[in-house]
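Below is one structure, written out as structure tokens, with a few remarks after it.
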Amino acid sequence: MDTKTASALNRLRLVSAPEGVSFLLLLICSVLKRTTDFNAVPVMGMIHGILFVLYVVFWLDAWNRAKWPFGRAALYLVFSVLPTGGFFAERRLRREAEDSVIAARARKELKEGVVEA
């Protein structure tokens with residue numbers, strides 16, 4: 001993977017945790033709406049909707065750039081619809097992005113003929 005792929009993975013990673021938090025807050029607001037007079041569902045719904053759309057757009061970009069197999073791409077999409085899935089996606093994407101940067105640096109060093117032992 002190259003640095004553009006790592007950037008796509010990082011964008012997806014950076015939006016996955018806030019999307020997960022907004023989903024949990026939307027669930028809490030839904031419960032509060034039904035049990036109290038507090039109604040923040042319209043506001044949280046809009047925030048969560050925007051973050052979800054960003055997640056899907058960044059997911060498509062990452063899938064295209066990283067050339068994920070269908071199963072891995074589907075897993076990241078499933079993470080977006082699970083209440084705590086964004087946190088799992090963030091952790092896996094962080095590792096994947098770090099691995100891709102390390103691989104890109106190693107390829108660059110091999111190309112240049114510089115190898116550290």
Side-chain angles (χ1 to χ4, degrees):
M1 287 187 213
D2 59 353
T3 54
K4 288 184 180 183
T5 303
S7 295
L9 294 175
N10 276 327
R11 279 192 301 272
L12 181 59
R13 181 183 66 82
L14 289 174
V15 78
S16 65
E19 192 271 338
V21 169
S22 72
F23 192 14
L24 291 174
L25 289 174
L26 181 60
L27 291 175
I28 291 169
C29 288
S30 296
V31 170
L32 289 175
K33 176 184 175 185
R34 303 216 181 336
T35 58
T36 66
D37 291 335
F38 182 74
N39 185 11
V41 172
V43 174
M44 273 316 303
M46 183 178 293
I47 292 169
H48 174 67
I50 290 168
L51 288 171
F52 180 76
V53 168
L54 281 174
Y55 184 94
V56 171
V57 168
F58 292 156
W59 169 78
L60 286 170
D61 183 41
W63 185 11
N64 183 38
R65 289 187 187 274
K67 306 291 188 240
W68 287 331
F70 180 76
R72 185 181 302 171
L75 177 68
Y76 284 121
L77 187 61
V78 168
F79 279 152
S80 72
V81 296
L82 296 175
T84 57
F87 305 113
F88 294 112
E90 192 275 333
R91 188 176 314 145
R92 288 182 64 136
L93 286 164
R94 182 173 9 119
R95 271 189 254 130
E96 196 168 335
E98 289 170 355
D99 292 346
S100 68
V101 168
I102 290 169
R105 286 180 184 163
R107 278 193 305 274
K108 181 181 176 187
E109 288 176 358
L110 282 174
K111 236 183 201 180
E112 296 173 354
V114 179
V115 178
E116 294 181 20

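What you see is a predicted model; the values in this text were computed from it and never measured. No hydrogens, no waters, no symmetry mates; every other heavy atom, side chains included, goes into these values.
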Would you say Val21 ends up clustered with Val31 if hydrophobic residues are merged whenever their side chains have heavy atoms under 4.5 Å apart, either directly or through other cluster members?
no
Less than 3.5 Å apart, which donor and acceptor atoms pair up between the side chains of residues 73-89 and the rest of the protein, not counting sequence neighbours?
residue : atom : partner : partner atom : Å
Tyr76   : OH   : Glu96   : OE1          : 3.1
Ser80   : OG   : Leu77   : O            : 2.5

Can you tell me how far the OG atom of Ser22 sits from the CZ atom of Phe52, to the nearest 0.5 Å?
10.0 Å
Would you kindly confirm whether Ile102 and Leu93 end up in one hydrophobic cluster when ILVMFWY residues are joined by side chain heavy atoms under 4.5 Å apart?
no
Just how far is it from atom NZ of Lys108 to atom CZ of Arg105, taken to the nearest 0.5 Å?
9.0 Å
Let me check something: do Val57 and Leu14 share a hydrophobic cluster, defined by ILVMFWY side-chain heavy atoms less than 4.5 Å apart, either directly or through other members?
no
Do Leu54 and Met46 belong to the same hydrophobic cluster, where Ile, Leu, Val, Met, Phe, Trp and Tyr are linked whenever their side-chain heavy atoms lie under 4.5 Å apart, directly or via other members?
yes
Which pair of non-hydrogen atoms, one from Ala66 and one from Leu9, has the smallest distance, and what is that distance?
CB-CD2, 4.5 Å
What is the distance from atom CG of Leu24 to atom NE2 of His48, rounded to the nearest 0.5 Å?
9.5 Å
Say whether, by atom type as modelled, one donor and one acceptor occur between the side chain of Trp63 and the main chain of Trp68 under 3.5 angstrom.
yes
Rounded to the nearest 0.5 Å, what separation is found between the CG atom of Leu12 and the OG atom of Ser7?
12.5 Å
Using a strict 4.0 Å threshold on nitrogen-to-oxygen distance, state whether Arg94 and Glu90 make a salt bridge.
yes
Say you draw a straight line from CE of Met44 to CG of Leu27; how long is it, rounded to the nearest 0.5 Å?
9.5 Å
Same hydrophobic cluster for Leu26 and Ile47, using side-chain heavy-atom links shorter than 4.5 Å among ILVMFWY?
yes
